[in-house]
Number of protein chains: 2
Amino acid sequence: MAATSRDVAREAGVSQATVSRVLTAGTPVSEKTRARVMDAMTRIGYVPNRAARTMKTGRTGTIGVVVADLGNPFYPQLLEALSRSLDASDHRMTVWVSDGGKNQAALDAIREGTVDGVIFTTVTEHSHELARALEQRSPLVLVNRTVEGADCDQVSSANRQGAGLIADYLVAHGRTRTAFIGGTPLASTTAQRLGGFSDRLARLGHPLPDELVAHGAYTHESGCRTAARLLRLNPDINALVCSNDLLAFAALDTAKAAGIRVPEDLWVIGYDDIQQASWQSLNLTTVRQDVAQLAAEATRLLLARLDDPDRPAIRVELEPTLVVRASSAFAPA
Amino acid sequence: MAATSRDVAREAGVSQATVSRVLTAGTPVSEKTRARVMDAMTRIGYVPNRAARTMKTGRTGTIGVVVADLGNPFYPQLLEALSRSLDASDHRMTVWVSDGGKNQAALDAIREGTVDGVIFTTVTEHSHELARALEQRSPLVLVNRTVEGADCDQVSSANRQGAGLIADYLVAHGRTRTAFIGGTPLASTTAQRLGGFSDRLARLGHPLPDELVAHGAYTHESGCRTAARLLRLNPDINALVCSNDLLAFAALDTAKAAGIRVPEDLWVIGYDDIQQASWQSLNLTTVRQDVAQLAAEATRLLLARLDDPDRPAIRVELEPTLVVRASSAFAPA
DNA sequence: CTGAAAGCGCTTACAG
DNA sequence: CTGAAAGCGCTTACAG
């Protein structure tokens with residue numbers, strides 16, 4: 001049905017090998033031949049077959065991306081950025097939406113030659129699959145969530161530092177009765193943001209008591225429940241720090257439902273600066289991550305590894321910035 | 001590096017063909033042989049090579065999905081649902097995030113054998129590429145946005161009907177000074193929702209004047225500008241109907257910024273019922289689409305077409321429902 | 001610069 | 001039930 005390089009060869013009056021050479025940059029072909037072949041190609045509408053090419057070259061030109069949850073708008077934004085940077089380097093993107101179980105599917109895809117490598121956005125600590133994949137030296141990079149000590153390329157926001165900015169900001173404005181709402185502590189983002197926040201608070205003389213730290217799922221609903229419980233048990237807290245914007249929106253909703261005024265009675269701070277954070281109805285103070293750069297670095301590192309499997313693993317941390325909006329007050333310190 | 005079926009054959013003491021047969025369901029292999037081969041496979045960690053399989057079978061096991069914009073949470077939800085239904089039928093998903101130009105990339109992928117077929121979520125009218133792809137009988141299905149008269153499988157919400165529900169609801173509660181904010185009229189969703197709304201209004205005796213219909217981009221920012229202009233030029237309108245939830249959130253923001261009370265002064269209605277619509281801070285009356293079913297139907301139709309390229313094209317419309325929340329008042333009529 | 005040929009790793013008639 | 005062999009459509013040494 002579809003035309004092959006052999007059809008083009010016949011049409012152009014050259015050998016099949018010459019057709020192939022015309023397609024491969026940097027191969028010597030005379031201008032006259034090249035023109036004749038190109039002409040024949042467009043005439044019969046030839047498109048080279050990927051599978052055949054993959055068999056010879058060992059490269060699929062496709063990269064896998066694993067995402068846990070598209071319900072948190074941060075991930076669609078990251079996915080879109082990854083799509084852009086992969087596209088810029090002429091790669092296709094195969095996506096797995098994980099809810100946990102699909103990490104293995106992505107790793108299998110490397111072994112069966114469906115993708116050249118995988119970008120994990122939502123890996124958790126103690127991942128068995130990850131450990132096995134690293135043993136097999138599968139080309140992969142962790143972005144956003146990272147794993148301490150894992151021997152692979154990793155890219156993330158400098159989460160401890162970003163959370164430190166929040167602590168500085170709150171203390172500078174006397175909002176020291178704080179609580180923290182996180183997702184699972186197995187996610188490095190929550191672990192590092194909580195750690196950075198709590199450490200900095202302690203250094204500033206306002207240690208964060210354990211009972212003012214709560215963990216839940218990364219959903220609006222769970223965030224609402226967690227916030228409600230914290231606020232009920234600790235009616236005196238005046239700032240709620242959340243490990244991401246999605247949870248912070250839930251905190252805003254909960255405060256509103258409880259008749260707690262934001263920012264007068266309570267400041268709410270998120271992390272990520274997703275698009276919704278700047279909407280008038282939400283208007284969230286948060287820490288911005290540069291998603292485009294996160295994606296660009298992840299792509300760059302993975303492609304570099306494909307070219308050189310033996311290069312040393314690199315850990316990239318991007319500088320976060322505090323973005324002050326109406327869920328808190330005053331300019332940043 | 002990676003083990004091949006030949007390696008397995010050597011290990012198991014059988015021919016390479018027998019190894020292949022063990023992998024192919026419904027091929028006669030004796031139990032004893034099968035066991036020996038399976039054993040050898042796990043021993044050397046064999047995974048069949050996809051590209052080789054694709055060359056022989058002509059099937060990649062991968063479906064392409066084209067999405068225009070992950071900034072509208074409806075699309076991540078649809079993408080997640082598609083991921084689920086494709087996964088259930090044992091297919092991988094390659095994603096193109098389009099901003100317009102990537103439709104062709106997805107169609108090329110069919111021709112070069114990277115994907116077996118493509119699901120378009122955001123096709124617009126008068127798409128040249130689509131027309132050419134249909135001529136070449138490329139296996140594809142349109143979901144969400146459709147094209148009148150295109151000879152391919154299509155799945156969408158019954159948009160005219162859904163928008164009619166809104167008109168009924170508004171008129172039943174005396175909110176008849178209405179305006180409409182849409183995205184591009186080249187998107188069937190906007191065209192059909194506007195059409196269904198306006199027709200039903202007219203039939204109920206409250207025709208919608210042209211100057212109360214505005215089109216813009218499908219972004220929060222554009223929605224804000226459009227809503228602000230409409231509300232400034234027509235301070236007497238008491239209901240704003242938007243062609244999707246994203247635009248409705250923008251309308252809510254704009255009303256809030258202008259000191260217009262919702263729902264006392266103005267009702268705001270969206271379409272899609274994305275997750276955010278039920279958040280307390282947004283709390284949007286809207287028309288629900290069943291995203292999971294949208295995805296399931298699209299997947300079913302595409303896979304059916306791959307099995308039988310000559311089956312007649314089908315048009316599926318899913319029943320929408322009105323969901324009343326705090327951006328309007330009273331129970332539905 | 002170009003052609004003839006090998007081979008990537010599978011599936012699947014064709015014999016037996 | 002099993003093996004030997006052809007072939008899917010390319011890329012790339014090897015000659016010339």
Side-chain angles (χ1 to χ4, degrees), chain A residues 1-41 44-62 90 92 108-116, chain B residues 1-41 44-62 108-116:
Chain A
M1 187 69 224
T4 72
S5 58
R6 189 147 262 115
D7 299 325
V8 177
R10 197 179 308 116
E11 176 81 9
V14 298
S15 74
Q16 181 270 330
T18 296
V19 173
S20 186
R21 287 197 187 92
V22 169
L23 290 170
T24 314
T27 339
V29 188
S30 82
E31 264 323 303
K32 215 170 65 188
T33 311
R34 175 183 305 276
R36 241 201 0 258
V37 171
M38 302 273 265
D39 211 56
M41 282 180 182
I44 58 184
Y46 169 71
V47 179
N49 179 282
R50 249 301 145 192
R53 195 171 258 187
T54 295
M55 282 204 74
K56 287 303 292 184
T57 63
R59 284 288 187 98
T60 64
T62 300
D90 215 35
R92 277 170 302 286
D108 290 346
I110 296 180
R111 306 200 59 213
E112 72 179 20
T114 304
V115 300
D116 295 329
Chain B
M1 188 69 223
T4 71
S5 59
R6 189 147 262 116
D7 299 326
V8 177
R10 196 179 307 119
E11 177 80 11
V14 298
S15 74
Q16 182 272 327
T18 296
V19 174
S20 186
R21 285 198 188 91
V22 169
L23 290 169
T24 314
T27 338
V29 188
S30 81
E31 263 323 304
K32 215 169 66 188
T33 311
R34 175 183 304 277
R36 237 196 8 252
V37 170
M38 301 272 265
D39 211 56
M41 283 181 183
I44 58 184
Y46 169 72
V47 179
N49 179 282
R50 249 301 147 190
R53 194 170 259 186
T54 295
M55 282 205 73
K56 287 304 292 182
T57 63
R59 284 287 187 99
T60 65
T62 301
D108 290 347
I110 297 179
R111 308 200 56 216
E112 70 178 24
T114 305
V115 300
D116 294 329

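Residue numbers begin at 1 in each chain, while the letters A, B, ... track the order of the sequences. Because only heavy atoms are used, hydrogens play no part in the values below, and waters and symmetry mates are left out as well, while side chains stay in.
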Problem set entry | Check against side chain to side chain contact (heavy atoms under 4.5 Å, CB included), A:Thr33 and A:Arg21 | CA-CA 10 Å; A:Thr33 311; A:Arg21 287 197 187 92; over 6 Å; no
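- Along DNA chain D, the nucleotide nearest B:Met55 and the nucleotide nearest B:Thr18 are compared for position; the residue whose nucleotide lies closer to the 5' end is B:Thr18.
- Residue contacts shown for B:Thr33 are limited to sugar-phosphate atoms, with no base heavy atom under 4.0 Å away.
- Candidate nucleotides D:dC1, C:dT11, D:dC10 were compared by shortest atom distance to the side chain of A:Thr4, and D:dC10 ranks first.
- Nucleotide D:dA6 holds its P atom 14 Å from the CD atom of B:Gln16, rounded to whole Å.
- Put simply, CZ on A:Arg21 is 11 Å from P on D:dA13, counting in whole angstrom units.
- In this structure, B:Ser20 reaches the bases: a heavy-atom distance under 4.0 Å links it to at least one base atom across the strands shown.
- Panel note: side chain A:Arg111, backbone B:Gly45; a donor-acceptor pair is recorded below 3.5 Å.
- If you take OG1 on B:Thr60 and CZ on B:Arg50, they are separated by 7.5 Å, rounding to the nearest 0.5 Å.
- Atom-to-atom, CZ of B:Arg10 to P of D:dA4 comes out at 14 Å; the value is rounded to the nearest Å.
- A 3.5 Å limit on both hydrogen-bonding distances identifies D:dG3 as the Watson-Crick or G-U partner of C:dC14.
- Rounded to whole angstrom, the span from the NZ atom of A:Lys56 across to the C1' atom of C:dG9 amounts to 11 Å.
- Between B:Ser30 and the phosphate of D:dT2, there is a side-chain N or O to OP1/OP2 separation shorter than 4.0 Å.
- If you measure from atom OH of A:Tyr46 to atom P of D:dG9, you get 10 Å, rounded to the nearest angstrom.
- Taking atom CZ of residue A:Arg6 and atom P of nucleotide D:dC10, one finds them 9 Å apart after rounding to whole Å.
- For A:Arg36 and C:dT2, the CZ to P distance is 8 Å, given to the nearest whole Å.
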For this session: Take A:Thr54 and B:Met55 through the test side chain to side chain contact (heavy atoms under 4.5 Å, CB included) and record every step on the way to the result.
Result: CA-CA 10 Å; A:Thr54 295; B:Met55 282 205 73; over 6 Å; no
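- At the phosphate of C:dG9, neither OP1 nor OP2 sits under 4.0 Å from any side-chain N or O atom of B:Ser5.
- Residue-to-nucleotide contacts include no donor-acceptor pair under 3.5 Å from the side chain of B:Arg50 to the base of C:dG9.
- Nearest heavy-atom pair across B:Val37 and B:Ala12 is CA-CB, 4.1 Å.
- Between A:Ser15 and C:dG3, a side-chain N or O to OP1/OP2 separation shorter than 4.0 Å is present.
- Atom P of nucleotide C:dT11 and atom CZ of B:Arg53 are separated by 5 Å, given to the nearest angstrom.
- Considering only the side chain of A:Asn49, D:dC10 comes nearest among D:dA4, D:dC10, C:dT2.
- In this structure, B:Val14 reaches the sugar-phosphate backbone alone: every heavy-atom distance under 4.0 Å involves primed, P, OP1 or OP2 atoms, never a base.
- Between B:Thr24 and B:Ala51, the one whose closest nucleotide on DNA chain C sits nearer the 5' end is B:Ala51.
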